[in-house]
Amino acid sequence: MSLLEKIQSNTCSMRLQKDWLKIYTCPVPTSEFLSFVGIAMMDVPQHSVLHLLYDIDAATEWVWKTDEMKILKELPDNQGRIVYQRVTAPWPISDREIISLSQGYKDAKTSEIFIKMTAEPDILPENANYVRVRQLEGAWNIMPVSENRCRVVFRLHIEPGGEIPSWLANIAVIDTPYNTLNNMRELVKREKYKTPIEAPFLDSPENIDQNYKDFIVE
């Protein structure tokens, strides 16, 4: 069972609520750093969100504090892709490098899309100019609500490494989901994202982590 699947909603705290967005922070066993759950309603079709997620070239426009993102490798047989990401940090804290495996699943019956991310820190040699993130688990769930509306759930836990105190990181933890989802909400309306794309999914509903349902209140 993944770390995100172990998180229980009754241990989490709501940190922000808007008419389209809720953000919770959750304690994680064996970690001093909080995880988050962001739940957003998007007034676009599901395929528009998917198109934006797979448009790596646009990532620096909407993924919070991301200065660089690129694909290192596309894996065969729809097994996903290896992605490099560089995240900026305020001086004197060093920027972070994240190398992750991103894998997509789709439920043929419900059309729910699930993209999970796990750290693969040793794919490249470490760069002395940055701190390599060695522990990360994240997930995107995208569920169609209607033809032109969908629900997006963004979850992440990260051990940033280096000299970042947990109390400081935990104060700012909602900045990532709030700014990322708010930026997504605007960019996804662009004309280019109205066109569906082909994505490398595995049809495997049993692998879709749905440990978010207790956070959703209709």
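Source: prediction; values computed, not measured.
With sequence neighbours excluded, the residues satisfying salt bridge (charged side-chain N to carboxylate O under 4.0 Å, His left out) with D55 are K192. The salt bridge (charged side-chain N to carboxylate O under 4.0 Å, His left out) search around R134 returns D122, E126, not counting sequence neighbours. Residues satisfying the salt bridge (charged side-chain N to carboxylate O under 4.0 Å, His left out) criterion with R132, sequence neighbours excluded, are E97. Residues meeting the salt bridge (charged side-chain N to carboxylate O under 4.0 Å, His left out) test with K73, sequence neighbours left out: none. Qualifying ring-ring contact (aromatic ring centres under 6.0 Å, His included) partners for F154, counting only residues two or more places apart in sequence or in other chains: F36, W140.
Remark: M143 CE to Q46 CD distance equals 8.5 Å, nearest 0.5 Å. I113 CD1 to L50 CG: the interatomic distance, rounded to the nearest 0.5 Å, is 4.5 Å. Atom CG of residue L187 and atom CH2 of residue W62 lie 8.5 Å apart, to the nearest 0.5 angstrom. In this structure, R185 CZ and L52 CG are separated by 14.5 Å, a value rounded to the nearest 0.5 Å. To the nearest 0.5 Å, atoms CD1 (I123) and CD1 (I99) are separated by 7.0 Å. Distance check: I39 CD1 to Q17 CD gives 10.0 Å after rounding to the nearest 0.5 Å.
Side chain of S9 to backbone of F215: no donor-acceptor contact under 3.5 angstrom is found. Of the possible polar contacts, none joining the E74 side chain to the R81 backbone as a donor-acceptor pair under 3.5 Å is found. At distances below 3.5 Å, at least one donor-acceptor pair connects side-chain atoms of H47 with backbone N or O atoms of K194. For S31 (side chain) and F33 (main-chain N/O), a donor-acceptor pair under 3.5 Å exists by modelled atom type. Listed for the N170 side chain is a donor-acceptor partner under 3.5 Å among the backbone atoms of S166.
Looking at N141 and E112, their side chains do bring a donor and an acceptor atom within 3.5 Å of each other. In this model, no donor atom of one side chain and acceptor atom of the other lie less than 3.5 Å apart for E120 and T118.
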List the steps, then state whether side chain to side chain contact (heavy atoms under 4.5 Å, CB included) holds for M117 with V83. CA-CA 9 Å; M117 301 162 286; V83 177; over 6 Å; no
I164 vs V131, test: side chain to side chain contact (heavy atoms under 4.5 Å, CB included). Steps then yes/no. CA-CA 11 Å; I164 298 180; V131 173; over 6 Å; no
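Put simply, V87 and M184 are part of the same group of oily side chains (I, L, V, M, F, W, Y) that touch within less than 4.5 Å, one to the next.
With salt bridges taken as basic N to acidic carboxylate O contacts below 4.0 Å, none links D203 and K106.
Within the structure, no pair that satisfies the salt bridge (Lys or Arg N to Asp or Glu O under 4.0 Å) test touches residues 166-184, not counting sequence neighbours.
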